[in-house]
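Being a predicted model, the structure only gives us computed values, none of them experimental. As the structure lists them, so they are numbered: ligands from 1, and atoms in each ligand from 1.
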Amino acid sequence: MTSATEEARFQAHIDAEGKIEPKDWMPEAYRKSLVRQISQHAHSEYVGMLPESNWLRRAPTLRRKAALMAKIQDEAGHGLYLYSAAETLGTSRDEMYRDLLSGKAKYSSIFNYPTLTWADIGAVGWLVDGAAITNQVPLCRCSYGPYARAMVRVCKEESFHQRQGFQIMLGMAHGSPQQKAMAQDALNRWWWPSIAMFGPPDGESKHSAQSMAWKIKRHSNDELRQRFIDMTIPQADFLGLRIPDDDLKFNEETGHYDIGPIDWDDFWAVVNGEGQCNTDRLAARQKAHDEGAWVREAATAYAAKRAARKAAERIAAE
Ligand code: 3HC
């Protein structure tokens, strides 16, 4: 079969809502785009643990500490799920880590902002995980089977993350004036980076058109951004907190909220390594990678020894 025929069959299968599995024929460009997106998604989970771990030993109560620890453990698991999904496409864990640690591969811009107070942990759960859910639920219907299936469990756990964050914000917003001020300060600092994390505006998204044709992406960046904004503003109203946007207004005609301009210069500066925490985040991940070398060496040596023993047993049995 010519590759043109295979390509036509592949696209027809996707158009009919079929799933592509690791052993199926797929265009090299489809495979490469998935390795790019899934590995960067995994990097985001792996790096995303750092802002919250900053508050693990300073959580105000044992209960908050336990919930935050559970959330961080979930994120580690999401990263492992996604690295494993990416490996079904022929890349390796080592290759992905090399690309992350060298700065070649991206991770979500949102994790390059500092968590300055305990209220930030609430804002991260409420806004960042809330945005992640909005972005990840459609990925449960992604055309690539392993990615779609990984997302089902991830989204269930993200819902707990968002609820525990919102509950922290609720406690503070309805707490003392100082606590309410901390919650408002956190919202002021996390609102705009959270709506930018959906990616560049549709007109500047270089992957969206092809990604949507392949049903990797089900909605455009702006569609999901608007969905998150419309869902979150009433929540801020319920908290009694003000969205830091003087241009914000409900558009009776469209039924959506209109917002002021997003600072895309800041977004791209952060994506391109100039954020407040980019250097620290990669240094922390490089340190973890270096300190984990002995575990990788031991696991590799054990696997080699076990394979040699099995081979010897096979020869002895012949
Ligand atoms: N941070 C860093 N880079 C970003 C970005 C962001 N928030 N948004 C877009 N980009 C990058 C893209 O990766 C792409 O660069 P590349 O070609 O080097 O990969 C470039 O900007 C152009 O953007 P596009 O919109 O054309 O790229 P995509 O079609 O890939 O859309 C995306 C970007 C919406 C993030 C998409 O990749 C996606 O849905 N990824 C999977 C979900 C994900 O990563 N979610 C965010 C992090 S996970 C998380 O928050 C964890 C939670 O537990 C807290």
Option set [options], criterion heavy-atom distance to [atom], minimum:
| atom | options | result |
| --- | --- | --- |
| atom 44 (O) of ligand 1 | Q37, H41, Q162 | H41 |
| atom 54 (C) of ligand 1 | D202, D129, V124, L82 | D129 |
| atom 13 (O) of ligand 1 | Q40, E204, R218 | Q40 |
| atom 46 (C) of ligand 1 | S108, G48, S220 | S108 |
| atom 23 (O) of ligand 1 | P200, A132, P193, G125 | P200 |

Heavy-atom distances under 4.0 Å are what count here, so tell me which part of [X] touches ligand 1: side chain, backbone, both or neither.
| X | answer |
| --- | --- |
| K206 | both |
| F111 | side chain |
| S211 | neither |
| F267 | side chain |
| S109 | both |
| K106 | side chain |
| H161 | neither |
| N221 | side chain |

> Is the centre of the F198 ring less than 6.0 Å from the centre of the F228 ring?
Replying inline: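 Ring centroids of F198 and F228 are less than 6.0 Å from each other.
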
>> Taking the ring of Y83 and the ring of H43, is the distance between their centroids below 6.0 Å?
In response: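 That pair passes the under 6.0 Å test.
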
>> I'd like to check whether H78 has a polar contact with ligand 1, where a contact means an N/O of the residue lying under 3.5 Å from an N/O of the ligand.
In response: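 Between H78 and ligand 1, no N or O pair is found under 3.5 Å apart.
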
>> Does any N or O of ligand 1 fall below 3.5 Å from an N or O anywhere on N135, backbone included?
In response: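 Min N/O separation from ligand 1 is below 3.5 Å for N135.
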
With a 4.5 Å cut-off on side-chain heavy-atom distances among I, L, V, M, F, W and Y, is there a chain of contacts connecting [X] to [Y]?
| X | Y | value |
| --- | --- | --- |
| L187 | M197 | yes |
| I110 | L139 | no |
| M212 | I38 | no |
| V154 | V124 | no |

Ion pair present between [X] and [Y], side-chain N to carboxylate O less than 4.0 angstrom?
| X | Y | value |
| --- | --- | --- |
| K215 | E17 | yes |
| K287 | E291 | yes |
| E95 | R98 | no |

> Which atoms form the tightest heavy-atom contact between G255 and D230, and what is the distance?
Replying inline: O-OD2, 4.4 Å

> Shortest non-hydrogen contact from C277 to P114?
Replying inline: SG-N, 3.6 Å

Checking a contact table here: which protein heavy atom is nearest [atom], and how many Å away?
| atom | answer |
| --- | --- |
| atom 14 (C) of ligand 1 | H207 CD2, 3.9 Å |
| atom 52 (C) of ligand 1 | E158 OE2, 3.4 Å |
| atom 50 (O) of ligand 1 | M197 CE, 3.5 Å |
| atom 30 (O) of ligand 1 | R36 NH1, 2.9 Å |
| atom 28 (P) of ligand 1 | K217 NZ, 3.6 Å |
| atom 24 (P) of ligand 1 | S205 OG, 3.4 Å |

Considering only heavy atoms of [X], which atoms of ligand 1 have at least one such atom less than 4.0 Å away?
| X | result |
| --- | --- |
| E75 | 53 (O) |
| Y147 | 41 (C) |
| W268 | 21 (O) |
| S44 | 47 (C), 48 (S) |
| G199 | 8 (N), 9 (C) |
| F198 | 34 (C) |
| E45 | 51 (C), 52 (C), 53 (O) |
| Y107 | 1 (N), 2 (C) |

> Is there a protein heavy atom less than 4.0 Å away from atom 41 (C) of ligand 1?
Replying inline: yes

>> My question is simple, although I want it checked carefully: is atom 35 (C) of ligand 1 less than 4.0 angstrom from any protein heavy atom?
In response: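 When distances to the protein are checked, atom 35 (C) of ligand 1 has no heavy atom within 4.0 Å.
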
>> Quick one, H256 with N251, criterion side-chain hydrogen bond (donor to acceptor under 3.5 Å, both in side chains). Give me CA distance, side-chain angles, the key distance, then yes/no.
In response: CA-CA 6 Å; H256 298 296; N251 187 322; over 6 Å; no

>> Go through it in stages, so that I can follow the logic: the residues are E157 and R153, the test is salt bridge (Lys or Arg N to Asp or Glu O under 4.0 Å), and I'd like the CA-CA distance, side-chain angles, deciding distance and then a yes or no.
In response: CA-CA 6 Å; E157 293 175 344; R153 165 94 181 257; 2.8 Å; yes

>> Applying side-chain hydrogen bond (donor to acceptor under 3.5 Å, both in side chains) to D290 and Q286, what does each step give before you reach the verdict?
In response: CA-CA 6 Å; D290 296 344; Q286 182 66 59; 2.8 Å; yes

>> Going by ring-ring contact (aromatic ring centres under 6.0 Å, His included), name the residues that satisfy it together with F267, two or more places apart in sequence or in a different chain.
In response: W264

>> Tell me whether F250 at atom CZ has more than 12 heavy atoms from other residues, nucleotides or ligands lying less than 6.0 Å away.
In response: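 Count over threshold, so yes.
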
> Do the side chain of R281 and the main chain of F111 share a donor and acceptor less than 3.5 angstrom apart?
Replying inline: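 The answer is yes, because a donor-acceptor pair under 3.5 Å joins these two groups.
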
> So, is the end of the R285 side chain (NZ or CZ) under 6.0 Å from the ring centre of Y46 and within 45° of the ring's axis?
Replying inline: yes

